[in-house]
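Written below as C-alpha cells is the structure these notes are about.
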Amino acid sequence: MFTKETYMARREQLKKSVGSGILVLPGNDECGMNYEDNTYDFRQDSTFLYFFGLPYAGLTAIIDIDRNEEIIFGDEATIDDIVWTGTQPSLRERCEKAGITKILPSKKTAGFMHISYAEDRKFHCLPPYRAEHRLKLLEWLGCVPEPSVEFIRAVVSQRNRKSADEIAEIEKACNITSDMHIAAMRELQIGMKECEIAGLMSDIACSAGGRPAFPIIATVNGQTLHNHYHGNTVKDGDMLLIDAGAETETGYCGDMSSTIPAGKKFTPAQKEIYDIQVASHLAAVEALRPGVPFEAVYNLSAKVICEGMKSLGLMRGDMEEAVEAGAHALFFPCGLGHMMGLDVHDMENLGEVWVGYDGKPKSTQFGRKSLRLARPLEPGFVLTVEPGIYFIPELIDLWESEKRFSGFINYEKVKNFRSFGGLRNEEDYLITETGARRLGKKIPLTTAEVEELR
Ligand code: GLY
Ligand code: MN
C-alpha cells in the first residue's frame with residue numbers, strides 16, 4: 001500500500017470532481033473455482049484499490065460527498081476465519097492504513113442504501129463486471145443502475161495520469177516482465193511444449209511476490225491474437241509468440257510480447273516479416289509524445305506495415321489510402337496498444353470510450369474498431385506499443401472471396417503466407433513532458449538482438 005495520505009488525497013480529488021451524491025464502490029469477493037472453498041487467487045477491484053488500497057475480500061466502500069463521510073462496510077475475522085487463515089490485523093487497523101475511521105458491519109450495507117434511497121439521494125455507480133456486483137446492487141438499490149458518467153470520467157482522469165509512486169510500481173512490474181521474456185528467450189528449445197515456457201514465466205512472476213497479470217500467451221500459433229492454449233510441441237522452423245506480464249504485490253502490471261525462433265535463427269521468410277514489424281514498432285515509439293493522438297501513431301505503424309507488405313508484393317497502390325480504407329487490417333486486425341496500470345488494460349471495465357477516446361465515438365471499421373486508445377497523449381499516461389503482423393487463413397480466404405480491397409491486396413502473393421503464423425513485439429512506455437520513456441529493462445527486439453540471446 002501507499003501512505004494513507006495518498007489515498008485520502010485521491011478521495012478528496014474524486015469528491016471535488018464528482019461534486020455531489022453518494023459514490024458506491026463494491027470491492028471484490030472470493031470466487032470459487034469448482035466449489036466454494038477452492039477459490040481463484042483473490043484480486044481486488046482496481047478502482048477500489050486505487051482509492052482505498054485495501055486488498056481484502058468482502059468490503060464495500062461508500063463516499064458520501066454531501067455529508068463528507070467515507071465508510072467501509074465489512075466484517076472482522078471470526079474465530080473460524082482465524083483458525084483456517086491465521087492471525088490477522090483487525091479491519092479497523094487495516095482501514096486506518098487507508099485513512100478510514102468509519103467502519104460498519106456488512107449486514108448494515110443494505111440498510112444504509114435503503115435509507116439513502118428513501119431520502120432520494122443520488123447514487124453514483126461504475127459499470128459492474130462481476131455477477132456479485134450486480135447481485136449486490138440489485139439487493140441494495142432494487143436495480144442495477146445506469147453507470148454514472150460523472151463518476152467514470154472523474155476516475156478515468158485520475159487513474160489515467162500516473163503519479164511518481166505509481167510509475168515506480170509499474171516499473172517494478174515491467175522489470176519482472178522483462179525477466180520473464182529474457183528467460184523464455186534463453187530457455188526455449190526445439191521439442192519443448194508451450195506449457196513449459198508458460199510455466200517458467202509464471203514461476204518468475206510468482207517468485208517475485210506477484211503473479212502473471214493476465215493469462216500467459218505462449219504459442220506457436222501467433223496468428224491467433226489471444227491464444228491461451230499451451231499444448232503444442234515447438235518444432236524446428238516454428239516461432240513462439242509470447243505475450244506475458246507480471247503484476248506486483250500492489251497490483252500494478254507489466255505487459256510485453258516477443259517472438260522467438262524455435263531454432264537459433266529466424267528463417268529468411270520470418271526475418272523479412274519480422275523486420276517489417278520492428279520498423280513499424282520503432283516508428284510508433286519515435287512518434288510518442290504529448291499532444292499526439294494515439295490514433296495517429298496507429299495510422300503510422302499500420303502504414304509502415306503496409307509499405308513493407310508492398311515491398312514484398314503483397315500490397316499495391318497508395319499505402320496511406322490503404323490504411324484509411326482499412327486494408328491494413330488483413331495483416332494487423334487489432335489495435336496498437338492500450339493504457340496500463342492497475343489493470344493490464346487499464347480501466348477497460350469503465351469503457352474504452354472514456355479511457356481511450358475521452359468520450360468520443362469509436363470507429364466501427366474492422367481492425368480500427370479494436371484500437372483501445374486513440375486520444376491525444378498526455379504526460380503521465382502509461383501505455384503499450386504492440387504492432388503485429390498476422391496471417392490468419394480464414395480471414396485471408398474470406399476477404400479474397402469477397403474481393404475485399406483487391407485494389408490494394410495481391411491475394412495471389414498473400415496466399416503463399418497462409419501458413420506463416422503471426423508475430424508481435426510489445427513494450428511499455430511512459431509519456432513524459434517531452435516524449436516517452438520505455439519502462440523496464442529492454443528485451444531483445446531486432447532479429448539480431450533476439451538471435452544473439454538464442
Ligand atoms: N497482453 C494482452 C493484450 O494486450 O491484449
Ligand atoms: Mn498488451
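In listed order, ligands and their atoms are each counted from 1.
At a threshold of 4.0 Å, the pair D346-R372 does not count as salt-bridged, since none of the basic side-chain nitrogens sits closer than that to a carboxylate oxygen. Ion pairing between a basic and an acidic side chain is recognised when a charged N comes within 4.0 Å of a carboxylate O; R43 and E247 show such pairing. Ion pairing of K415 with E412 is present here, as a side-chain N (NZ or NE/NH1/NH2) and a carboxylate O approach within less than 4.0 Å.
The side chain to side chain donor-acceptor pair (under 3.5 Å) with Y274 is formed by just one residue from the set T446, N425, T259; it is N425. Checked against F52 for a ring-ring contact (aromatic ring centres under 6.0 Å, His included), the options Y50, F48, Y56 give a single hit: F48.
For atom 3 (C) of ligand 1, the closest non-hydrogen atom of the protein is H345 NE2, 3.0 Å. In this structure, the protein non-hydrogen atom closest to atom 5 (O) of ligand 1 is H226 NE2, 2.7 Å.
Interface atoms of ligand 1 facing F214, defined by a heavy-atom separation under 4.0 Å, are 1 (N). Applying the 4.0 Å criterion to heavy atoms of D243 picks out, from ligand 1, the atoms 1 (N), 2 (C).
For the ligand labelled ligand 1, residue V344 lies outside the 4.0 Å heavy-atom shell.
Ring-plane geometry between W399 and F366 is classed as perpendicular, the angle between the planes exceeding 60 degrees on a 0 to 90 degree scale with a lower cut at 30. In this structure, F420 and F417 have tilted ring planes: the angle between them lies in the 30° to 60° band. Ring orientation note: the planes of F332 and Y298 are tilted relative to one another, at an angle of 30° to 60°.
With a cut-off of 2.8 Å, the protein N/O/S atoms near the Mn ion (ligand 2) add up to 4.
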